[in-house]
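Reading through the structure tokens given below for one structure.
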Amino acid sequence: LIKGIAVAVSDPIVTRDYTELESRLVDTLANENMLAVAVTDTKGNVILNMVKSKANTGEASLVFDQAFIDPPVHTTSDLVKTQEGGVVTLWYKVRAGVVLGWLRIEMSTQTDDQILNTLRRNIILSVALVFLALISIIIVIMRRFFRVIEAGENALIESNDLLANAAYIDSLTKLPNRSALIPLLEQAISICHQQGGLLAVCFLDLDGFK
């Protein structure tokens, strides 16, 4: 973030277009966590200094009573960071071929409760949606699984019926064959014993077709 801001303010510093510089710093303070932003020369003399209103209105105002801000010394790094309480202060060198000065921003590390609650709500909603999606996927998979099992059972029943027909039904006449005679005869004898009466068996041999 601060690197992008430094690039954005480098041209207005070179051209000394302070109106454009002020406009870009105002845009910077539109960030809800930004508290203050300042641009100084290499020695710390303030070129432009702006702070955000403490009334949380988002409005930025120029600071005229601070002509000098101590920049970082004895450092070769382009970025220097310090933190005190819930405020982080960042210093970054503004370059345009050569070092033009320093950009200083102050940012709050404390997240607004409303933002935190919104984030928490979004997380809970996302987890719930993922959970519902997983449940839906499991239901679809289980339905397909039971359909496959049902189809396999039906195929097995049909196969057993075909085997039974092949074993006990004559393929030509579609009548019970010799293999089916014994259980049918035993069933008839059992009924005759229970209900009384006589049982007769007739055997026909019609030119070898028994």
Side-chain angles (χ1 to χ4, degrees), residues 1-140:
L1 173 64
I2 194 170
K3 183 177 180 180
I5 299 172
V7 172
V9 302
S10 60
D11 287 343
I13 293 176
V14 172
T15 59
R16 297 185 180 182
D17 186 350
Y18 298 125
T19 301
E20 177 65 19
L21 179 60
E22 179 180 346
S23 174
R24 297 194 179 185
L25 294 186
V26 168
D27 292 340
T28 299
L29 288 175
N31 186 304
E32 59 187 9
N33 289 336
M34 197 75 69
L35 301 176
V37 59
V39 177
T40 72
D41 61 16
T42 55
K43 296 180 180 180
N45 296 309
V46 174
I47 299 175
L48 206 61
N49 189 6
M50 301 191 73
V51 297
K52 185 182 292 185
S53 172
K54 294 183 179 180
N56 293 328
T57 60
E59 296 180 356
S61 58
L62 289 169
V63 177
F64 297 101
D65 58 354
Q66 190 174 11
F68 181 82
I69 303 176
D70 289 324
V73 293
H74 308 299
T75 179
T76 57
S77 174
D78 283 356
L79 177 63
V80 178
K81 174 183 176 181
T82 59
Q83 182 169 351
E84 183 176 353
V87 177
V88 174
T89 302
L90 299 171
W91 288 85
Y92 194 85
K93 290 180 181 178
V94 180
R95 297 178 180 271
V98 296
V99 178
L100 301 176
W102 287 94
L103 169 68
R104 188 190 75 163
I105 64 174
E106 294 181 359
M107 299 185 67
S108 173
T109 60
Q110 298 177 350
T111 306
D112 186 78
D113 290 340
Q114 183 178 359
I115 298 174
L116 186 60
N117 291 335
T118 301
L119 179 61
R120 186 181 294 112
R121 184 172 62 251
N122 290 340
I123 291 175
I124 293 175
L125 181 60
S126 299
V127 171
L129 290 176
V130 171
F131 179 75
L132 290 176
L134 289 176
I135 292 297
S136 301
I137 292 173
I138 292 174
I139 292 174
V140 171

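Note that the coordinates shown come from a computational prediction; the quantities given were computed from them, not determined experimentally. Computed over heavy atoms, backbone and side chain alike; hydrogens, waters and symmetry mates excluded.
Ser10 OG to Ile5 CD1: the interatomic distance, rounded to the nearest 0.5 Å, is 12.5 Å. With rounding to the nearest 0.5 Å, the separation of CD1 in Ile47 from CG in Leu100 is 8.0 Å. Atom CD1 of Ile124 sits about 12.0 Å away from atom CG of Leu129, to the nearest 0.5 Å. Met50 CE to Leu35 CG: the interatomic distance, rounded to the nearest 0.5 Å, is 14.0 Å.
Between Leu25 and Leu29, the closest side-chain pair of non-hydrogen atoms is not below 4.5 Å. Under the 4.5 Å side-chain criterion, counting only non-hydrogen atoms from C-beta, Asn45 is not in contact with Thr40. Met34 is listed as a side-chain neighbour of Leu1, based on a closest heavy-atom distance under 4.5 Å. With contacts defined as side-chain heavy-atom distances shorter than 4.5 Å, the pair Ile69/Asn49 qualifies. Residues Phe131 and Leu134 are not in side-chain contact: their nearest non-hydrogen atoms beyond the backbone lie 4.5 Å or more apart.
Closest of all the heavy-atom pairs between Trp102 and Ser77 is CH2-O, 4.2 Å. The minimum heavy-atom distance between Ala36 and Val51, with the atom names listed, is CB-CG1, 3.8 Å.
Looking only at distances, a side-chain donor or acceptor of Lys52 sits under 3.5 Å from a matching main-chain atom of Asn31. Formation of a donor-acceptor pair under 3.5 Å by the Ser136 side chain with backbone atoms of Leu132 is found in this model.
Residue pairs satisfying the salt bridge (Lys or Arg N to Asp or Glu O under 4.0 Å) criterion with at least one member in residues 98-108, sequence neighbours excluded, are listed as follows: Arg104-Glu106.
Shown here is Glu84, whose CD atom has no more than 12 heavy atoms of other residues, nucleotides or ligands within 6.0 Å.
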Please tabulate, one pair per line, all N/O donor-acceptor pairs under 3.5 Å involving side-chain atoms of residues 86-99, not counting sequence neighbours.
{"from": "Arg95", "atom 1": "NE", "to": "Asp78", "atom 2": "OD2", "distance (Å)": "3.3"}
{"from": "Arg95", "atom 1": "NH2", "to": "Asp78", "atom 2": "OD1", "distance (Å)": "2.9"}

